[in-house]
Amino acid sequence: MEKLIHPMSYSLLTLRKLRYKLHPLRLFKLFLFIGFLIILFLLLGTTAFKHKELIIETPKEIVILQKTHAFVHSAYFYPVSKSLGNNAIAIVTTMNKRTVDPITDYTIKVHGSMIENRRKRMTNVATLTTEHLLNDRCDYSQVLIQSNLFPGMNKLEIESEGVLTEIPFKMPKYSAPKPVVFCVSPQFAAEQWQTFLTQLHISKRDIPTTRSSLSEIFNIFRYGAHLQLYIVSMVESYYKLIKEYEKLGLVSIEPWLTIKFPVTDGPYLEPNRNVELRNQAAAHTDCILMYKEAVSFVGILDMDDILIPNNANSYYEEFEREYGGSWFISALQYGKADFETIKVASLEDQSITAIVKNARRLPTKDQGKSFVRPERFNSSWSHYSRNSDDKPMYWTPKQSVPLMMRRKAMRTNNIFHLKNMFLKNLTDVKDGAVPLNPGDNITQLISEDHLAEIDAEMKSILALEPIAKLSATLPKDDYYMPIIFKCYNDSFYHLRDTHTLMNDVTCVNAFDCELPQRADMPCVHSDATYHSGPSMFPITFHWATDALFTNEIGCYQ
């Protein structure tokens, strides 16, 4: 008899025997589990989204450390800008960075309006950046305030907790005499006018109207930069010499003001003694902002930093060659090679050829200086922008990993740094040889033909009557230079050279240098009308208008 096999009945007990067979109950459990996961993810996603909205809408909590003060050096409004965007404002300040920690997280609201139309108004939150190290000992730092407002605004205000203060602003330059501008660090107790003549006559370039050949026009004068000088104090006769050059359109002068808080509602830390090196960073930042729409390159240097193009007829040619159209080069970083050389005391006997040919290379070097495309920078430190290395760059909105821009160290050229200049009688000046370029140590620092052209042009300008008559009044010896050099050496150069300078312990500042005054050597000093805004929490703002030079203060910092 044939054995009959009955269909297997299904129950919860037999399901475990059919682990890998599809069954409606298993499908139901599977769908139930998937549905649970979907609901769970939706709930978590909604919570995360709400949390994200909460983070975006709620400002980051900032702990106020103290009530302090800030000084506004300058404010610019850009109707059009290649890098800041249209209708941009940029405010250069010196601010107590210990107001909050860190100061760059502090939120500042700026208001733009039209005086003739009160309804035309816009408020925006500004971003804060600094070129100073936030962990160094100096309490005050250069802080740049940036934002964008609307076309045609003619009134700028800063707000804090409903209190507003109006800040005067100006327009940047949209044209310049040259495609390159050199921003020279603020001068104080300045007397070494020979350095100024060397810097200006090497760096500038005029177009002579008597030349017909384009090649002659391009090659005859060196080297195509306009000088922007910031002056705190200067020997009066030296100042008059620079003013004559300013009348010729060869240099621009800007008073660099001592920081003052005219009206305060309590004690405060004195800013000039507690900011790095008289806040050179703020002056260089102001210069970049002033010229960023007008020139192709901006150089950050001191008066005694002489750059001579290597294998190029102009600065523009060398800088364009070294950048090579690359977006990955943030700045050109030139090293500084120290030299000592001679100088003579009489104006009519000035010779840049003698200065160069009597120069002797010293074994020391100094920290280099940067030359930048201004559309890539809004600020700078004394030697370079601290935003120049590993500066992120995004090509597309969807790019998650940025490309990095970095400074390019110049290997074939260095700055000819006139570290020491010793007075000599003209009869004792020897005719030496042009030193080697401190960058490649192969080529000449400068050609003999270029030196002859520079000296010929300088003598023709020094022979002009308004300049020639200053000869008897210019300093014939060094008075302030040795005092300042010793003070700087005691304050920080010695610490730096012995590798004992620690930024978090020492604020690099020589404001306390004792500068005795001489009745026979009067000085001019920058001054202005100083203003204080209303008391604001946590930062009260101060500024100045009608800047000028006066002979009533003396040769102080």
Could you list the donor-acceptor pairs under 3.5 angstrom formed by side chains in residues 483-490, with sequence neighbours left out?
unit_1: K486; atom_1: NZ; unit_2: D490; atom_2: OD2; d: 2.8
unit_1: Y488; atom_1: OH; unit_2: R278; atom_2: NH1; d: 2.2

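The side-chain contact (heavy atoms from CB on, under 4.5 Å) with T195 is formed by just one residue from the set K343, M303, M481; it is M303.
Taking all atoms of both residues into account, the shortest heavy-atom contact from D305 to Q199 is O-NE2, 2.7 Å. For S83 against N378, the heavy-atom pair with the smallest separation is OG-OD1, 4.0 Å. Between V251 and E246 the shortest heavy-atom distance is O-CG, 3.4 Å. Among all heavy-atom pairs drawn from E191 and D477, the shortest one is OE1-O, 4.2 Å. Taking every heavy atom of both residues into account, S252 and Q228 meet most closely at CB-OE1, 3.3 Å. Across every non-hydrogen atom of I202 and L307, the tightest pair is CG2-O, 4.2 Å.
In terms of modelled atom types and a separation under 3.5 Å, the side chain of Y480 and the main chain of P516 share a donor-acceptor contact. At least one donor-acceptor pair under 3.5 Å links the side chain of W193 to the backbone N or O of P475. Counting only distance, with no hydrogens or angles, the side chain of H111 and the backbone of E159 share no donor-acceptor pair below 3.5 Å.
When side chains are defined from C-beta on, I145 counts as touching T93, because their heavy atoms get closer than 4.5 Å. Proximity of D105 to V100: side-chain heavy atoms (C-beta onward) are nowhere separated by under 4.5 Å. In this structure, V356 and P435 have side chains that are in contact, with non-hydrogen atoms separated by less than 4.5 Å. Between S185 and H284, some side-chain heavy-atom pair lies under the 4.5 Å cut-off. Side-chain contact between R386 and L133 is present, with heavy atoms from C-beta onward closer than 4.5 Å.
Around NZ of K67, the count of heavy atoms belonging to other residues, nucleotides or ligands within 6.0 Å exceeds 12.
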message = With side chain to side chain contact (heavy atoms under 4.5 Å, CB included) as the criterion, how do K408 and E322 come out once you've worked through the C-alpha distance, each side chain's angles and the decisive distance to 0.1 Å?
response = CA-CA 9 Å; K408 178 180 179 180; E322 297 300 334; 3.0 Å; yes

request  = Could you check F71 against F261 for side chain to side chain contact (heavy atoms under 4.5 Å, CB included), going step by step and ending with a plain yes or no?
outcome  = CA-CA 7 Å; F71 185 77; F261 302 149; 3.9 Å; yes

inquiry  = Applying side chain to side chain contact (heavy atoms under 4.5 Å, CB included) to S203 and L227, what does each step give before you reach the verdict?
reply    = CA-CA 8 Å; S203 62; L227 290 188; 3.8 Å; yes

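Evaluation of the side-chain hydrogen bond (donor to acceptor under 3.5 Å, both in side chains) test over residues 543-553, restricted to residues two or more places apart or in two chains, returns H531-T545.
If you look at F549 and Y239, their ring centroids are closer than 6.0 Å. For F371 and F182, the gap between ring centers is short of 6.0 Å.
A salt bridge is defined here as a Lys NZ or Arg NE, NH1 or NH2 lying under 4.0 Å from an Asp or Glu carboxylate O, and K82 with E293 meets this definition.
Aromatic ring pairs are classed by plane angle as parallel below 30°, tilted from 30° to 60° and perpendicular above 60°; the pair F319 and F297 is perpendicular. Below 30°, between 30° and 60°, or above 60°: for H69 and H542 the angle between ring planes is between 30° and 60°, a tilted geometry.
Between the side chains of N124 and N148, no donor-acceptor pair is found at a separation under 3.5 Å. Donor-acceptor pairing under 3.5 Å is recorded for the side chains of H201 and Y245.
For the pair R406 and F328, the cation-pi criterion (under 6.0 Å, within 45° of the ring axis) is not fulfilled.
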